[in-house]
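The structure under discussion appears below in the form of structure tokens.
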Amino acid sequence: MLDIQLLRTDIDAVAKRLADRDFHLDVTTFNALEAERKSIQTRTQELQSKRNALSKGIGQAKAKGEDTAPLMAEVAGLGDQVAACEKQLEAVQAKLSEMLLVVPNVPHASVPAGKSADDNVEVRRVGTPRKFDFTPKDHVDIGEGLRLLDFAAGVKIAGARFTVMKGGIARLHRAIAQFMLDVHTQEHGYTEVYVPYLVNSKSMEGTGQLPKFEQDLFKIPREVFDDDAVVSELEASGASVSSVSAKTIDRSLYLIPTAEVPVTNLVRGDIVPLDSLPLKFVCHSPCFRSEAGSYGKDTRGMIRQHQFDKVELVQIIHPEQSFEGLEALTGHAETILKRLELPFRTVTLCTGDMGFSSAKTYDIEVWLPGQNAYREISSCSNFEAFQARRMQARFRNRNGKPELVHTLNGSGLAVGRTLVAILENYQNADGSVTIPTVLRPWMGGAEKISS
RNA sequence: GGAGAGGUGGCAGAGUGGUCGAUUGCACCGGUCUUGAAAACCGGCAGGGGCGCAAGCUCCUCGUGGGUUCAAAUCCCACCCUCUCCGCCA
């Protein structure tokens, strides 16, 4: 969520920069709502103030044993007026926040303007793609050849975009996650956390998945009052059926699309001490994505799954340090690829390709011989105060005043795609796959996966 | 699932209809004293919002939402959460 103060004082500049990411900010509507809000709020507060003063007067008069009837008469008509104004104010504020919640973050000045992924800017390239003296296969052929990846089984059990791993590949998958966790905790100073994989809507709102991107999530419906017994009990207590159904509260849970959601929300509503910053968390979790709207895209193999594992890096950081922090965090993710000796390149996403909540994002793309292309394996973003404002996540600054933190996160790395990259880059002519040296301790010392 | 207790400022803990957004203690910050520190003493210290150049004025918030009332931390209803005991269970 953007700072409403910024919109009040400098909305044209904001609208201009948001246009770079192809978002039209409705300045006219905002200004009209703001003007309405201002007048209603002023009027409401005047009335409230008057009522409070009179009520206080009644209390004082009663204490002295004076007659309160004149004061009571004076305040009589106020109640309804106050209630009406409060209702109006609530309505206009709801409209404003509804509008604000779907406005994306403003790109940082260092982000290149652009329409699509084609306009992303490469910042570095590390490693050289290997020259094969045979025609390299993609991970599907490698995995199925080894009889250790079973796409058909995934389809049978759940459906498309689910995969079953077996034996050496399942173990390699586990080894990758273990390796990443150990590097980030032991060398990069992150604290490992284990978190819920189902979260409430407040958490999804905090990190920006809701209200705008519900269609990307798997939802577990849960409502209170949907139980007949509860309803009749309420009726017995005097509530009418209509008021009961109107009060139905959605308590649905959502499967996390990334550990970013539960981990970042650890600080939701908190005021953390200044000296605890930056908080650095690493979390291995499954991720669940509906992939609505990506029909036909990456249907082959494990690149785009409804369920995949990821090791996620999250930092809760001082606003003055967040851009340095983003560089460091991106470096932490790159370290994994360097250790695995996988060629990659890092790009700065242009304004048109960035995620909703991000002020700046680096994508790390790993070389996939099976596709003869670099493919995203990590996305590292600085959200500045965008998520913090939604979450009311703050720290106490030097003056003792609460101030919004900045939040960062990035994959360090996506486990499934790392597995794909290893299978394809480390494949041998005989169909076996060499295990990267750094992973062997988690593979019982084995050097190869073969059938 | 059954029975009970409870949710108040960073923490502890008062407050059961009226100058209470809240007594007090601890913690924290500033000052006096001291060679320095501690102690003692004095002062400050919840969060969010609006109006205003500012000084300042004002509104909202005592788990959440609704209700009663001129007035609610306090009374009523529902929900959420925490704790204790019993039962069940990976």
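Because the structure is predicted, anything quoted here is derived from the model rather than measured. Worth knowing before you read on, the calculation uses all heavy atoms, side chains too, and leaves out hydrogens, waters and symmetry mates. Residue numbering restarts at 1 for every chain, and letters A, B, ... go by the order of the sequence lines.
- In this model, a donor atom of one side chain and an acceptor atom of the other lie less than 3.5 Å apart for A:D363 and A:S379.
- B:C79 is paired with B:G63 under the criterion used here, namely a Watson-Crick or G-U wobble arrangement in which both key atom distances are under 3.5 Å.
- Of the nucleotides present, none pairs with B:A90 by Watson-Crick or G-U wobble criteria with both distances under 3.5 Å.
- The distance between atom CG of A:L33 and atom C1' of B:G50, rounded to the nearest whole Å, is 17 Å.
- The CD1-P distance, from A:I271 to B:C45, rounds to 17 Å in whole Å.
- Residue A:R8 contributes atom CZ, which lies 14 Å from atom C1' of B:G52 at whole-angstrom precision.
- To the nearest 0.5 Å, atoms CD (A:E34) and CD (A:Q41) are separated by 9.0 Å.
- Proximity note for A:K62 (side chain, C-beta onward) versus B:G50, B:C70, B:G47: the nearest is B:C70.
- Within the 4.0 angstrom heavy-atom criterion, no nucleotide atom of any strand lies near A:T42.
- Nucleotides B:A12 and B:G67 have their C1' atoms positioned 33 Å apart, rounded to a whole Å.
- Of the P atoms belonging to B:G6 and B:G21, the separation is 25 Å, rounded to the nearest Å.
- Nucleotide B:G10 is matched to B:C26 when pairs are restricted to Watson-Crick or G-U wobble geometry with both distances under 3.5 angstrom.
- Taking atom CE of A:M391 as the reference point, atom P of B:G48 lies 16 Å away to the nearest angstrom.
- For A:R51 and B:C59, the shortest distance from a side-chain N or O to OP1 or OP2 is not below 4.0 Å.
- Between the CG atom of A:L78 and the P atom of B:C70 there is a distance of 12 Å, rounded to whole Å.
- For B:U58, the OP1/OP2 oxygens have no side-chain nitrogen or oxygen of A:N52 closer than 4.0 Å.
- The closest side-chain donor-acceptor pair between A:N200 and A:S203 falls under 3.5 angstrom.
- A:Q93 has no side-chain polar atom (N or O) that falls below the 4.0 Å cut-off from OP1 or OP2 of B:G50.
- Under 3.5 Å, the side chains of A:Q315 and A:Q321 contain no donor-acceptor pair of N or O atoms.
- Separation of the C1' atoms belonging to B:G50 and B:U34 is 48 Å when rounded to the nearest angstrom.
- Atom-to-atom, CD of A:E90 to P of B:G65 comes out at 10 Å; the value is rounded to the nearest Å.
- Taking only side-chain atoms of A:K56, from C-beta outward, the nucleotide of B:C59, B:G21, B:G50 with the closest atom is B:G21.
- Nucleotides B:C60 and B:A55 are separated by 23 Å at their C1' atoms, to the nearest Å.
- Side chains of A:Q88 and A:E36: a donor-acceptor N/O pair is absent below 3.5 angstrom, by distance only.
- Separating the CD atom of A:E403 from the C1' atom of B:G48 is a distance of 16 Å, rounded to the nearest angstrom.
- If A:Q60 and A:A53 are placed on RNA chain B by their nearest nucleotide, the residue sitting closer to the 5' end is A:Q60.
- Base-pair partner of B:U19: not found among the strands shown (Watson-Crick or G-U wobble, both distances under 3.5 Å).
- When the C1' atom is compared between B:C41 and B:U58, the two are found 36 Å apart, to the nearest whole Å.
- On the P atoms, B:U8 is 16 Å away from B:G65, given to the nearest whole Å.
- In this structure, the nucleotide among B:U19, B:G47, B:U58 sitting nearest to the side chain of A:P402 is B:G47.
- Proximity of A:R396 to the phosphate of B:G47: a side-chain N or O atom is located under 4.0 Å from OP1 or OP2.
- For a distance-only test at 3.5 Å, the side chain of A:Q45 qualifies as a donor-acceptor partner of the base of B:G49.
- Across the C1' atoms, B:G47 and B:A39 are found 34 Å apart, a figure rounded to whole Å.
- By the 4.5 Å heavy-atom criterion applied to side chains, A:D216 and A:P257 are not counted as neighbours.
- Shown here, B:G52 forms no base pair; nothing in the strands shown gives a Watson-Crick or G-U wobble contact with both key distances under 3.5 Å.
- Across all strands shown, B:A73 has no partner, as no Watson-Crick or G-U wobble contact with both distances under 3.5 Å is found.
- The NZ-C1' distance, from A:K64 to B:G18, rounds to 13 Å in whole Å.
- B:C88 and B:C75: their P atoms are spaced 38 Å apart (whole Å).
- For A:I58, taking side-chain heavy atoms from C-beta onward, the closest of the listed nucleotides B:U19, B:G48, B:G18 is B:G18.
- B:C33 is unpaired under the criterion used here, namely a Watson-Crick or G-U wobble arrangement in which both key atom distances are under 3.5 Å.
- A salt bridge links A:R304 to A:E291: one of the charged nitrogens lies within less than 4.0 Å of a carboxylate oxygen.
- Remark: the A:E260 side chain and the A:T207 side chain contain no N/O donor-acceptor pair separated by less than 3.5 Å.
- Looking at heavy-atom distances under 4.0 Å, A:E86 makes no contact with the nucleic acid at all.
- B:U68 makes up no base pair with any nucleotide shown, lacking Watson-Crick or G-U wobble contacts both under 3.5 Å.
- Listed nucleotides: B:C70, B:G48, B:G52. Nearest to the side chain of A:Q392: B:G48.
- In this structure, A:R43 reaches neither bases nor backbone, as no heavy-atom distance under 4.0 Å exists between it and the strands shown.
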